[in-house]
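These notes concern the structure reproduced below.
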Amino acid sequence: MSALEFIPVRQWLAENRADKIVFCGHPQDLTAGELRRAAALLCAQLKKQPGQRMALICEDGARFVLGLLAAAMAGKTVILLPEGAEDFLAEHHEYFDAVLSDRDYNALPCPCTELTFNNSLDTADAEAAALADFCPEELDLNTPIVLFTSGSTGAPKLIEKTFELMERESRLIYETIGERLSDTVLMSSIYPQHLYGLTFRTFVPLCCGIPVLRQQMHYTEEICALPPRRYTFLSSPSFLRHLDFELPAPDIALTISSAGLLPYDTAFKVQKWTRAELCEIYGSTECGVMGWRIRDNPKTYFTAFAGVSFTMGQQSYLLHSPITAQEETILHDILEFNPDGTFKPSGRFDSIIKIDEKRISLQAVKAALLECREVEDAEAVTYQCGDRLFIGAVVVLRRAYRHPDEADGITKMQQRFRAHIAAKLGYKAQPRRFVFIDQIPENSLGKRVLAKLQQYFSVKAAC
Amino acid sequence: MEQLYQDLKELIVDALMLTDLNSSDIATEDPLFAGGLGLDSIDAMELGLAVKHKYGVRLSSDCDVMRHAFYSVKNLGDFIAAQRPSPAAVPEQQ
């Protein structure tokens with residue numbers, strides 16, 4: 001059992017914790033009391049604002065929690081989009097009524113409220129009333145938090161969580177690895193609005209009572225320049241793989257990796273660099289956390305979290321978990337089990353792939369390409385280049401576009417295709433390479449053989 | 001500086017394995033990320049490592065400084081040039 005005390009969501013901002021530092025770092029540390037005050041004022045402001053669905057987009061972990069709690073207390077539904085790019089938001093504006101952000105989105109056709117800790121209301125009386133009305137101890141734990149993930153059709157798949165489910169998940173993690181977080185500050189390279197970030201960058205540290213570094217880490221030099229404290233480092237396989245291990249590591253007590261499988265050689269390098277354990281989490285947006293493992297050797301499989309089990313279904317597994325709303329959740333990952341119940345994922349039953357931890361449907365990429373006026377036919381496949389997986393697009397252009405007038409016509413056309421796909425599906429779904437051919441090859445049965453299409457990329461890639 | 005910009009374009013093509021692209025397809029002042037090349041934050045980390053290894057420069061720990069430096073080939077070239085000793089400061093070899 002952890003030495004940490006579990007703090008339920010309704011107690012995060014309790015009066016008796018007012019002096020407790022909950023966020024630290026740039027631009028300044030914040031106590032639970034300061035967060036409560038700012039959330040109360042924002043909540044009063046949001047209650048007067050029309051629109052139910054609030055898209056919450058920000059990198060600063062403290063402002064994220066400010067928006068999350070203020071919106072929930074105002075009775076709004078929080079929408080967590082996978083991308084913050086303006087063209088992506090414009091393309092998906094029908095999914096939200098207003099934006100809460102630390103960025104400026106003036107071009108969007110909906111209200112955009114800046115998340116700030118210097119907020120105020122018109123009069124001192126209004127502020128006093130807002131503070132008196134604000135009671136996070138009475139937060140409705142069934143308030144929804146809606147996340148997006150990639151569906152197989154290309155349309156975003158909406159996943160609804162609640163504060164109650166997130167608290168249950170945090171308790172499960174607290175009971176399993178909570179003691180490893182003691183006396184640390186959580187530092188992260190993960191966006192707070194991804195489920196993994198929502199769980200581990202917001203709910204788990206606040207429920208475990210450890211401070212969170214406000215700013216997000218983007219590269220090694222930022223991490224190495226952090227003030228000397230003991231850190232829990234929350235990251236992902238693609239970020240960890242690209243760390244500069246020649247720089248001196250800060251004092252890291254534990255690294256947590258999720259959102260994709262971490263190759264053991266990277267896990268080994270990270271553990272050598274930090275001289276600390278690495279805990280890998282297996283989970284998904286629909287299912288939450290399912291398994292965990294300490295990467296102390298290459299053959300360690302995942303152990304299911306308490307109460308989590310799997311049964312084989314039709315081209316899928318059925319997940320039984322104490323942290324999902326429904327009794328059974330379909331899981332499209334292929335799992336390999338040991339007799340002792342430990343397991344590891346080894347692929348997917350469907351055509352969903354993961355590029356740098358983001359789930360992408362190749363069918364959706366194909367559909368987006370077919371929406372471009374120049375494209376007559378297309379397929380999207382994956383190819384490996386070095387240690388990264390990329391999307392390659394095989395495109396048949398309509399006759400009128402096969403010989404562009406300008407010298408750089410093909411390059412500009414590729415840029416247009418990428419921009420269209422990024423706006424529809426997010427920037428990770430953009431094909432890295434395009435191959436233009438006259439006809440998509442088919443086998444003798446008239447079927448497209450994706451392995452053959454992949455060869456277009458393996459020959460020239462030479463990596 | 002033009003030579004440095006050209007070298008950087010070739011480094012970008014090689015380091016990020018943009019095998020369909022010629023260095024001449026990359027405009028010196030166009031945004032490298034969130035733009036037409038389809039590069040992302042992981043590419044930024046890879047490019048940062050490649051630039052450090054090739055030019056021996058130190059990256060700043062200030063994220064805003066680095067965002068500006070990696071905005072375009074021009075900014076990156078200027079960032080590298082600013083860390084190199086100016087020709088006048090280098091003593092001539094006897």
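The shown structure was predicted, so the numbers you read here are calculated from the model rather than taken from an experiment. To find a chain, count down the sequence lines: A is the first, B the second, and so on, and within it residues start at 1.
With a 4.5 angstrom heavy-atom cutoff, A:Glu246 touches chain B only via side-chain atoms. Only the side chain of B:Leu49 comes within contact range of chain A, with at least one heavy atom under 4.5 Å from a heavy atom of that chain. Contact annotation for A:Phe417: neither backbone nor side-chain heavy atoms come within less than 4.5 Å of a heavy atom of chain B. With a 4.5 angstrom heavy-atom cutoff, A:Leu247 touches chain B only via side-chain atoms. In this structure, chain B has a heavy atom under 4.5 Å from the side chain of A:Arg388, while its backbone stays farther away. Using a 4.5 Å cut-off between heavy atoms, A:Tyr219 contacts chain B through both its backbone and its side chain. Only the backbone of B:Asp62 comes within less than 4.5 Å of a heavy atom in chain A; its side chain stays farther off.
Within the model, atoms CG of B:Asn22 and OG1 of A:Thr411 stand 8.0 Å from one another, a figure rounded to the nearest 0.5 Å. Separating the CE atom in B:Met45 from the CG atom in A:Asp244 is a distance of 9.0 Å, to the nearest 0.5 Å. Here OG of B:Ser61 is found 11.5 Å from CD1 of A:Ile223. Values are rounded to the nearest 0.5 Å.
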Pair B:Asp43-A:Arg432, side chain to side chain contact (heavy atoms under 4.5 Å, CB included): steps then yes or no: CA-CA 11 Å; B:Asp43 292 312; A:Arg432 173 59 57 107; 2.7 Å; yes
CA sep, side-chain torsions, deciding dist, call: B:Ile42, A:Lys428, side chain to side chain contact (heavy atoms under 4.5 Å, CB included): CA-CA 10 Å; B:Ile42 300 302; A:Lys428 289 283 185 194; 3.8 Å; yes
Let's go through A:Arg241 and B:Glu46 carefully: what are the C-alpha distance in whole Å and the side-chain angles of both, what is the deciding distance for salt bridge (charged side-chain N to carboxylate O under 4.0 Å, His left out) to 0.1 Å, and is it a yes or a no? CA-CA 10 Å; A:Arg241 234 179 10 238; B:Glu46 284 197 352; over 6 Å; no
Can I get a per-line list of side-chain donor-acceptor pairs under 3.5 Å for residues 66-73 of chain B, giving both atom names and the distance, sequence neighbours left out?
| from | atom 1 | to | atom 2 | distance (Å) |
| --- | --- | --- | --- | --- |
| B:Arg67 | NH2 | A:His218 | NE2 | 3.3 |
| B:Ser72 | OG | B:Lys74 | N | 3.4 |
| B:Ser72 | OG | B:Asn75 | N | 3.1 |
| B:Ser72 | OG | B:Asn75 | OD1 | 3.4 |

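Of all heavy-atom pairs between A:Glu221 and B:Ser60, the closest is CB-O, 3.8 Å.
No more than 12 heavy atoms of other residues, nucleotides or ligands sit less than 6.0 Å from atom NZ of A:Lys272.
Contacts with chain A (heavy atom to heavy atom, under 4.5 Å) involve these residues of residues 9-16 of chain B, listed by number: B:Leu16.
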